[in-house]
Amino acid sequence: MKKKISLITGITGQDGSILAKFLIKKGYIVHGLKRRSSSFNTQRINDIYQDIHDRNNNLFLHYGDLTDFTSILNIIKKVKPNEIYNLAAQSHVQVSFETPEYTANADALGTLRILEAIKILNLTKKVKFYQASTSEMYGSSPPPQNENTPMHPASPYGAAKLYAHWITKNYRTSYNIFASTGILFNHEGPSRGETFVSRKITMGIANILKGKQKLIYLGNLDAYRDWGDARDYVEAMWKILQLKKPDDFVIATGKSYSVRSFVEIAFLIVGIKIKWRGKGLNEVGFDQKTNKILIKIDKKYFRPQEVDHLRGDYNKAKKTLNWQPKIKFKKMIKDMLDKDLNF
Ligand code: NAP
Ligand code: F7E
């Protein structure tokens, strides 16, 4: 049987790398769009990278950028994928306040460029398109959030992703493209980027235990997030494209924890009980046994606007996709700590 062909933008990122491995296991040929960088940016996929001359090779990388229409058009023309997963993005919320224009170009217009390429190349009936939408689009809408919850993005990232979300739905209706979205809530794991709060905490703990770092500086401890595991979430992306009809789905765990709880649970896994004292910027977290301060607050990690509470209602995905999260919150943190402690 002819192998299915997929194209993943953002293949070098957390989700792209996990999805690539998932699809290769399912028998797909995987093509990935990667940006040129001055040093290697393929660490997360080195373990599946094969010599392109190998006859059994099923992973191919192409240079391109979501801000460069020509590269997108040429890659899609060459690869003729059955499925496109658009995972590339400037994905850091805080960074989007510093680079709002670039974030809009890559995250919002980048999505439009792919959809236009599908249309121009007359692939509207041949390709299925997945857009990586995000719970950040809800912004200030209170939890629980589902597919019908009003969206009030609270960052340039959230606003750019909301454009991408709507232009995907728009191309679905206007041009009959199989274009779906997954509204994914936060998802982490051992290959999470080092500046997201989960990985910053697990790497910080590992460094403290190894004597390489004294304490961790954080921002707002009282935001709540619905944290799932990326390994579960890439399966949902694939399932969304296997349906007969395109649609939009919330992918979440239905449970939320504060950043403060994340800190406490992660430290407890390595046997340290964190207690808190002080208020606001002067609050500190310390080891109950030794009194050593292990958490301090730095105002530079606060955002101009915060999203206070995200907790997803994934009932539609459960019913329609037969999907539900398998990996529990503590197991995910433990896996992250295991990786960071053994690094
Ligand atoms: P990530 O680890 O930050 O990966 C982002 C990927 O996009 C990387 O491969 C990056 O390349 C690439 N990229 C960035 N700008 C690009 C550009 N202009 N052109 C081409 N590629 C570009 O993000 P992730 O956590 O895997 O998330 C995957 C997608 O899901 C993103 O769209 C994100 O916004 C969205 N999302 C994530 C979450 C989450 O909690 N993880 C939740 C909801 C939605 P480099 O490796 O070269 O930097
Ligand atoms: O922040 C607070 C911060 O950067 C989580 C992206 O994948 O998920 C992610 O966006 C919370 C926020 O993720 C620090 O203020 C406190 O309330 O890990 P984060 P995020 O902003 O929720 C969504 C769904 C996406 O789509 C995004 O692509 O933690 N926080 N102190 C901190 N955050 C960071 N990064 N660093 C701190 O020191």
Side-chain angles (χ1 to χ4, degrees), residues 8-20 32-37 39-45 62-68 71-72 85-96 99 102-103 105-107 109-111 113-114 130-138 153-155 157-158 160-161 164-165 181-189 191-201 204 216-230 233-234 237 250-252 257-260 262-263 295-303 305-310 312:
I8 303 176
T9 72
I11 193 164
T12 57
Q14 171 187 253
D15 291 4
S17 58
I18 302 173
L19 179 68
L33 176 145
K34 74 159 184 163
R35 326 191 255 187
R36 193 268 161 184
S37 67
S39 49
F40 288 125
N41 60 357
T42 51
Q43 299 89 326
R44 290 187 177 104
I45 46 171
H62 309 264
Y63 284 110
D65 197 294
L66 281 197
T67 60
D68 172 20
S71 65
I72 293 171
Y85 296 86
N86 181 31
L87 309 186
Q90 190 304 91
S91 71
H92 203 284
V93 173
Q94 185 149 22
V95 172
S96 79
T99 59
Y102 172 73
T103 303
N105 194 358
D107 299 12
L109 294 182
T111 306
R113 290 182 183 105
I114 299 177
Y130 171 86
Q131 169 58 18
S133 290
T134 164
S135 50
E136 276 297 305
M137 300 185 307
Y138 295 117
S155 65
Y157 169 76
K161 281 286 190 175
H165 182 74
T181 70
I183 307 171
L184 272 54
F185 283 59
N186 297 50
H187 47 280
E188 325 291 310
S191 54
R192 182 59 147 154
E194 293 84 352
T195 60
F196 296 99
V197 80
S198 60
R199 190 77 194 286
K200 185 172 165 183
I201 295 167
I216 308 169
Y217 283 95
L218 293 173
N220 180 13
L221 297 172
D222 296 314
Y224 281 76
R225 289 291 181 274
D226 178 331
W227 275 296
D229 190 300
Y233 286 34
V234 300
M237 296 176 191
V250 160
I251 303 297
Y257 297 85
S258 63
V259 174
R260 187 187 297 280
F262 195 111
V263 169
I295 303 289
K296 274 191 177 181
I297 306 299
D298 184 336
K299 67 172 185 311
K300 96 172 196 203
Y301 298 116
F302 284 80
R303 295 158 187 194
Q305 215 186 130
E306 180 59 282
V307 171
D308 292 327
H309 197 154
L310 293 173

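Both ligands and their constituent atoms are indexed starting at 1 by order of listing. The chain is numbered in sequence order, starting from 1.
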For this session: Could you list the atoms of ligand 2 found under 4.0 angstrom from a heavy atom of V93?
Result: 10 (O), 21 (O)
For this session: Report the relative orientation of the aromatic rings in F262 and W227; use parallel for angles under 30°, tilted for 30 to 60°, perpendicular for over 60°.
Result: perpendicular
Exercise. So is H92 in contact with ligand 2, going by heavy-atom distances below 4.0 Å?
Worked result: yes
For this session: Looking only at protein heavy atoms, identify the closest one to atom 8 (O) of ligand 2 and say how far it is in Å.
Result: N186 ND2, 3.1 Å
For this session: Give the single entry among M137, K200, R303 that approaches atom 4 (O) of ligand 2 most closely by any heavy atom.
Result: R303
Problem set entry | Atom indices of ligand 2 within 4.0 angstrom of G219 heavy atoms, with elements | 14 (C), 16 (C), 31 (N), 38 (O)
Seminar exercise, completed: For ligand 1, protein residues within the heavy-atom limit of under 4.0 Å are G10, T12, G13, Q14, D15, L33, R35, N41, D65, L66, L87, A88, A89, S91, Y102, A106, A132, S133, T134, Y157, K161, L184, F185, N186, H187, R192
Problem set entry | Stacked cation flag R192 on F196, 6.0 angstrom / 45 deg | yes
Problem set entry | Heavy-atom closest pair, residues V263 and I201 | CG2-CD1, 3.7 Å
Exercise. Would you call R192 a ligand 2 contact, heavy-atom distance under 4.0 Å?
Worked result: yes
For this session: Answer with yes or no whether R225 contacts ligand 2, where contact means a heavy atom under 4.0 Å from a ligand atom.
Result: yes
Problem set entry | Subset of ligand 2 atoms that lie under 4.0 Å from at least one heavy atom of E306 | 3 (C), 12 (C), 15 (O), 17 (O)
Exercise. Between the candidates N220, V95, V197, which shows the shortest non-hydrogen contact distance to atom 18 (O) of ligand 2?
Worked result: V197
Problem set entry | Close approach of F302 to ligand 2, heavy atoms, under 4.0 angstrom | no
Exercise. Taking the six-membered ring of Y217 as reference, does the NZ or CZ atom of K200 fall below 6.0 Å from its centre and within a 45° cone about the axis?
Worked result: no
